[in-house]
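This report concerns only the one structure given below.
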Amino acid sequence: MERSDINLLIEEYGDSLYRYCKSITYQVEDAEDLYQQTFLKAFELHKKISLDKNPRSYLMSLATNIWRNHKSMYARHERIAPKISAEAEGVQIEDVQSGENVLEQLVKEEEYARLNMCVDRLPDKQKQVILLFYAGEMSIEDIAKILKIPKGTVKSRLNKARQCLRKEMEGDGNGTEYPG
């Protein structure tokens, strides 16, 4: 692939990659950074990308690896010098879309936040599969290639993750840790 073809990748896969980045980082700023880092890395590795061999999977794999490296580096820094994190901001009136009931919007955001917390508590192996499948809109086959595991393992992890999430969302939401 030529360097000039990077624009084609951005046009074709940019939206789904951004959604995936946002789903694994949970913050717009981090998602934007990861998105940019992923395409910068793709630009560096342009010779390894083949437009015939599912470049979307390659981009998702790059994003996954970059985020994994970032998390491990952050965890190392936190062990050495912990930082104080700021509380997440609540819903702003201007954020509420016109024509929609404010109460409905708040309930939706609360449910979404609860779902994100539940996903975040999943074991990493299940969490990766859920995020790649739903946020990254990847097929089971593509996820298997990205994570270098059999398709049956992807299906099993996806099923276990769905069961855990369903149980947690329908249950009392007591914040129990999920079994691996």
Side-chain angles (χ1 to χ4, degrees), residues 9 12-35 37-38 53-75 78 85 87-91 95-97 100-101 103-180:
L9 292 179
E12 185 79 21
Y13 307 112
D15 289 342
S16 64
L17 178 66
Y18 181 74
R19 279 192 305 277
Y20 175 66
C21 291
K22 194 172 176 187
S23 73
I24 64 174
T25 62
Y26 298 118
Q27 295 191 5
V28 173
E29 295 85 13
D30 289 341
E32 290 171 355
D33 288 345
L34 180 58
Y35 178 84
Q37 288 174 13
T38 301
K53 293 186 178 179
N54 199 351
R56 181 174 173 220
S57 292
Y58 189 78
L59 290 171
M60 297 292 184
S61 179
L62 280 177
T64 301
N65 291 333
I66 290 168
W67 185 246
R68 192 179 299 146
N69 291 341
H70 172 76
K71 279 180 45 181
S72 66
M73 185 174 65
Y74 179 78
E78 280 295 303
S85 63
E87 287 293 317
E89 293 183 25
V91 177
D95 292 341
V96 178
Q97 297 177 357
E100 189 168 33
N101 185 327
L103 183 58
E104 288 176 9
Q105 181 71 19
L106 289 171
V107 169
K108 284 180 186 176
E109 289 189 17
E110 184 178 305
E111 282 294 308
Y112 185 72
R114 186 166 163 231
L115 178 61
N116 278 336
M117 285 178 14
C118 293
V119 169
D120 204 35
R121 284 194 301 264
L122 286 171
D124 281 341
K125 291 179 179 183
Q126 292 176 12
K127 182 177 169 181
Q128 281 180 330
V129 171
I130 280 285
L131 293 176
L132 285 168
F133 188 78
Y134 288 106
E137 300 175 347
M138 303 293 296
S139 68
I140 288 173
E141 185 176 302
D142 290 341
I143 295 169
K145 288 177 185 174
I146 288 171
L147 299 177
K148 297 178 177 113
I149 57 176
K151 287 190 280 188
T153 304
V154 172
K155 290 177 184 178
S156 172
R157 289 179 185 175
L158 191 57
N159 186 41
K160 285 180 186 177
R162 285 176 180 152
Q163 288 174 357
C164 290
L165 291 173
R166 189 176 301 116
K167 183 178 176 183
E168 182 71 16
M169 293 299 288
E170 290 174 355
D172 59 4
N174 62 6
T176 12
E177 287 293 318
Y178 300 117

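Values below: all heavy atoms of this structure, side chains included; hydrogens, waters and symmetry mates excluded.
- L34 CG to I66 CD1: the interatomic distance, rounded to the nearest 0.5 Å, is 6.0 Å.
- Considering SG of C21 and CG of L131, their distance stands at 11.0 Å, rounded to 0.5 Å.
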Would L147 and T153 count as a side-chain contact (heavy atoms from CB on, under 4.5 Å) here? Give the steps. CA-CA 10 Å; L147 299 177; T153 304; over 6 Å; no

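- Not counting sequence neighbours, the partners of R19 by the side-chain hydrogen bond (donor to acceptor under 3.5 Å, both in side chains) test are E137.
- A pairwise comparison of heavy atoms in Q126 and A161 identifies OE1-CA, 3.6 Å as the closest pair.
- Here the side chains of P55 and Y13 are in contact, with some heavy-atom distance below 4.5 Å.
- Contact annotation: the side chain of I149 never approaches that of Q128 to less than 4.5 Å [non-hydrogen atoms, C-beta and beyond].
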Pair I24, Y20 - check side-chain contact (heavy atoms from CB on, under 4.5 Å), show working. CA-CA 6 Å; I24 64 174; Y20 175 66; 3.7 Å; yes

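- Here SG of C118 is found 13.0 Å from CZ of R166. Values are rounded to the nearest 0.5 Å.
- Although no hydrogens or angles enter the test, the distance criterion places no donor-acceptor pair under 3.5 Å between the side chain of D120 and the main chain of N116.
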Please assess V28 against Y18 for the test side-chain contact (heavy atoms from CB on, under 4.5 Å), listing each intermediate value before the final yes or no. CA-CA 10 Å; V28 173; Y18 181 74; 3.7 Å; yes

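- Nearest approach of C164 to L122, heavy atoms of both residues: CB-CD2, 3.9 Å.
- The minimum heavy-atom distance between R56 and S16, with the atom names listed, is NE-OG, 3.6 Å.
- The closest side-chain heavy-atom distance from Y35 to T25 is not below 4.5 Å.
- Of the possible polar contacts, one joining the T64 side chain to the M60 backbone as a donor-acceptor pair under 3.5 Å is found.
- Closest approach of I143 and V129 over heavy atoms only: CD1-O, 4.0 Å.
- The list of salt bridge (charged side-chain N to carboxylate O under 4.0 Å, His left out) pairs with a residue in residues 21-35, not counting sequence neighbours, is empty.
- Evaluation of the side-chain contact (heavy atoms from CB on, under 4.5 Å) rule for K151 yields I140, E141, A144 as partners, not counting sequence neighbours.
- The two residues L17 and L59 make their nearest non-hydrogen contact at CD1-O, 4.0 Å.
- Summarising the geometry, atom OH belonging to Y26 is positioned 10.5 Å from atom CE belonging to M117; distances are rounded to the nearest 0.5 Å.
- For N54 against S57, the heavy-atom pair with the smallest separation is ND2-OG, 2.9 Å.
- Residues F133 and R157 have side chains not in contact (no heavy-atom distance under 4.5 Å, counting atoms from C-beta outward).
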side-chain contact (heavy atoms from CB on, under 4.5 Å) between N69 and Q37: does it pass, once the steps are laid out? CA-CA 12 Å; N69 291 341; Q37 288 174 13; over 6 Å; no

